[in-house]
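The structure appears right after this line, and notes come after that.
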Amino acid sequence: MKHIKLIACIVAAPLMIAAAGPEEEAAAAAAAEKQQAEAGADDRNVMVCKKFDPPTGTRAARKRQICKSKAEWEMMEKEAYDTVDRVQRKPYQR
């Protein structure tokens, strides 16, 4: 009987740990939304959480959530735009 309880605990532990992950992410997203609502839309220090698909080829089925300030997201978008613009303006070389 003790062996059955031990096996049940071994099997149930990873399932309980995996179940805690999405709840924590949801709580973080809710806190970020609450902070954004309190601070207003113009505050650049408000944390914004975005969800992204898992990388290609990975077996992880859930989306990744990345939280950064509004200013950091804007800076990353500007850098990406500038990089694309610079590459497109670069003359073709053989």
Residues forming a salt bridge (Lys or Arg N to Asp or Glu O under 4.0 Å) with [X], sequence neighbours excluded:
X: E74; answer: R44
X: R86; answer: none
X: K68; answer: none

Original post:
Can you tell if the side chain of K63 reaches within under 4.5 Å of the side chain of D53, non-hydrogen atoms only?
Top reply: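 K63 reaches D53 side chain to side chain.
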
**OP:** Find out whether D43 and V46 are in side-chain contact, i.e. whether some heavy atom of one side chain is under 4.5 Å from a heavy atom of the other.
**Re:**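 When only atoms from C-beta onward are counted, V46 and D43 do touch, with a gap below 4.5 Å.
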
**OP:** Go through the structure and list residues passing side-chain hydrogen bond (donor to acceptor under 3.5 Å, both in side chains) with R59, not counting sequence neighbours.
**Re:** none

Subject >> Partners meeting side-chain hydrogen bond (donor to acceptor under 3.5 Å, both in side chains) with K90 (sequence neighbours left out) >> reply: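 side-chain hydrogen bond (donor to acceptor under 3.5 Å, both in side chains) list for K90, sorted by chain: empty.
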
First locate atom [atom1] of [X], then atom [atom2] of [Y], and finally report the distance between them rounded to the nearest 0.5 Å.
X: I66; Y: M76; atom1: CD1; atom2: CE; value: 7.0 Å
X: E77; Y: E72; atom1: CD; atom2: CD; value: 12.0 Å
X: K78; Y: D85; atom1: NZ; atom2: CG; value: 10.0 Å

Could you list the residues that satisfy side chain to side chain contact (heavy atoms under 4.5 Å, CB included) with [X], not counting sequence neighbours?
X: T56; answer: none
X: M75; answer: E79
X: Y81; answer: none

Subject >> Taking every non-hydrogen atom, the tightest pair across S69 and M47 >> reply: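 Smallest heavy-atom distance, with atoms named: N-SD, 3.8 Å.
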
